[in-house]
Amino acid sequence: MNFTIEASAADSSARAGVITTGHGDIYTPVFMPVGTAGTVKAVHLRDLADDVKAQIILGNTYHLYLRPGIDIISSAGGLHRFNGWERPILTDSGGYQVYSLAASRKITTEGVKFRSHIDGSAHFFSPEQVIDIQRAIGADIIMAFDECTPYPCEKSYAKQSMVLTHQWLSRCVEQFRSTDNAYGYPQSLFPIVQGSVYRDLRTESAETIASFDMQGNAIGGLSVGEPAEMMYEITGLVCDILPADKPRYLMGVGTPVNMLECIDLGVDMFDCVMPTRNGRNGMLFTREGIINIKNEKWKNDFSHIDEMGGSFVDHSYSKAYLRHLFTAGEMLGPMIASIHNLAFYIRLINDARERIVNGSFKSWKNNNVKKLAQRL
RNA sequence: GGGGAGAUUCCAGAGCGGUCAAAUGGGGCAGACUGUAAAUCUGUUGGCUAAGCCUUCGGAGGUUCGAAUCCUCCUCUCCCCA
C-alpha cells in the first residue's frame, strides 16, 4: 500500500491523495460504505460499483467470523471472491463490537471473551487471532484490535482502556509482521488511536500509535454520543499529531457535515452506517437538506428524489413513489434510499476533493454546512 | 318460516355497574439512528379555554348515587335449521 498526496488546502488541513492497493487506487478523501456481513445492506454489487461508485467497502471481523465462518471465506478464496467485490476491502477488527455488544463480553489483557449474539456460544478473540482472521478474510486494509470506549467514560477507565489498546497493538503488529499476505496481494495494518475525549490521553495515544510507523492510522472511539464540537476538537488534536504522509481514517463518522468538518481537520477516510441504515429507515440526505421520505408532506410530491443527485435512482423515481414504497413496506424503498444516500455521500466527498485540488475547499465547505444539516 | 350470535373510539378486537376517553394488535402521524445484534426502535393517535372540562361504546327510552357494561323497544349484521 502506498499513499501520495496530490494537493493540500492552504487555509485548512484538508488534502487530496491517492492510496494504491492490490485491488486498485483509492482517491482520498474517501467515504467507505459499510458492509458488515460481507454485503452493503440492500445494495447490489453492480449498483455499488457503477452507480454509487464506491471505491472501497468495509467488512467486519466479528460478524464474518460468526457467520458464515472463516473456514467458508477461506475456502472461497477470501472475501473478494466470496462476495464478488473486486475493489479494495477494509475490515474492522471487532473492536466496535466490544463496545456495542458490551453486555455479552469480558475484556482481559489477553483478549476478549464474548458470547455470540446469534446463538450465545462462547468465543475468544486475542489480538493475534483478530489479525489471522483478517488475513484470511483477505482485507486490503486490516484494523488493529482495540477497545472502543463509550461516552461518557471515566478518565481512569479511558486511560486503562487506552493502555490495553496499545498493548494489543504491539501484539497485532508482531502477528501482522510474522504472517504473510493470505492471497498474494498486499495487506496493510492500521492502528487505532483511543483515549476518549481527554486531550492528554489522545495526545499520548496518537504519539504511541504514530511510533509504530504503520501505513495508515485510524482514530476510534469518537461519534459514540459526545457533542460534535468535542469530536471535532479531538479529531483536530489527533490529526495534528498523526504523520501527514499517511492516510488518516476517522472511524464511524458520520453525518455529511461531520465529514466536511473533519476533512477540514485533515481526515482522509470515513465510514459510517448512516447512509445505509438511516436510508433503510426512510431518511434521505440531499444538498438541500435532510428528507424523511415517510412524512406525509411528500405524499403528492412527484418531483424526482433528488434533482441534483448523481445516481440512477435520483432521476428514475419520484418522492411520492418512494414514500409509497416505504409506506407499503416494499423492499425496493430501502434499496433506493440506500443507493441514493451512498451516491450522495460519495459525490459530496468527491466534490470536496475537487475543491481541495482547486483551492476553494474552505469557503465551499462553510457555504454548504448549514444547508446540509437542515430538515426539509 | 324457525333458532341462535352480535353491533365498542380509523380497522380488528378486549371490556360486561364505578379505578374507562376505554386493553391489545393493525393502520395513521411524528421522532431516533454515526468502525450495523437494526428492512429496527420510540412516542403519539376523540375534542377543548388541557393537572380540569366536554362529547363518545348502533338508535330511543328506562333502572341506578353512577351504565360501554343491567332492562325494554327499535334498526341493522352474521350463523345454523327448514
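Proteins get letters first, then strands, A, B, ... in listed order; numbering begins at 1 in each.
- Note: A:Phe114 and A:His123 have parallel aromatic rings, judged against thresholds of 30 and 60 degrees for the angle between ring planes.
- Nearer to the 5' terminus of RNA chain B, by closest-nucleotide assignment, is the contact made by A:Glu296 (compared with the other of A:Gly329 and A:Glu296).
- If you check B:G1 for Watson-Crick or wobble pairing at under 3.5 angstrom, you find it paired to B:C81.
- The side chain of A:Ser223 lies closest to B:U34 when the candidates are B:G35, B:C29, B:U34.
- Counting distance only, with no hydrogens placed and no angle test, the side-chain atoms of A:Asp146 and the base atoms of B:G35 include a donor-acceptor pair under 3.5 Å.
- Residue A:Arg280 has its side chain nearest to B:A39 when only B:A39, B:G35, B:G31 are considered.
- Side-chain to base pairing of A:Thr276 with B:U36: one donor and one acceptor N or O lie within less than 3.5 Å of each other.
- In this structure, of B:A32, B:G35, B:A37, it is B:G35 that holds the atom nearest to the side chain of A:Met251.
- When atom types are taken as modelled, the side chain of A:Asp146 and the backbone of A:Ile192 share no donor-acceptor pair closer than 3.5 angstrom.
- One finds no side-chain N or O of A:Asn278 lying less than 4.0 angstrom from the OP1 or OP2 phosphate oxygen of B:U34.
- Considering only heavy atoms from C-beta on, A:Thr286 stays 4.5 Å or farther from A:Met308 through its side chain.
- With a 3.5 Å ceiling on both atom-pair distances, B:A14 lacks any Watson-Crick or G-U wobble partner.
- Taking the P atoms as reference points, B:C10 lies 23 Å from B:C76, given to the whole Å.
- Closest approach of A:Gln55 and A:Pro88 over heavy atoms only: O-CD, 3.2 Å.
- Other residues, nucleotides and ligands contribute only 12 or fewer heavy atoms inside 6.0 Å of the OH atom of A:Tyr27.
- Rounding to whole angstrom units, OH of residue A:Tyr96 and P of B:A38 are separated by 11 Å.
- With B:A30, B:C33, B:G35 as the candidates, the nucleotide lying closest to the side chain of A:Asn281 is B:C33.
- Position along RNA chain B of the nearest nucleotide to A:Tyr99 versus A:Arg277 favours A:Tyr99 as the more 5'-ward residue.
- Summarising the geometry, the separation between CE on A:Met274 and P on B:A38 is reported as 17 Å, rounded to the nearest angstrom.
- Checking B:U36, B:G35, B:A37 against every side-chain atom of A:Gln194, the shortest atom distance belongs to B:G35.
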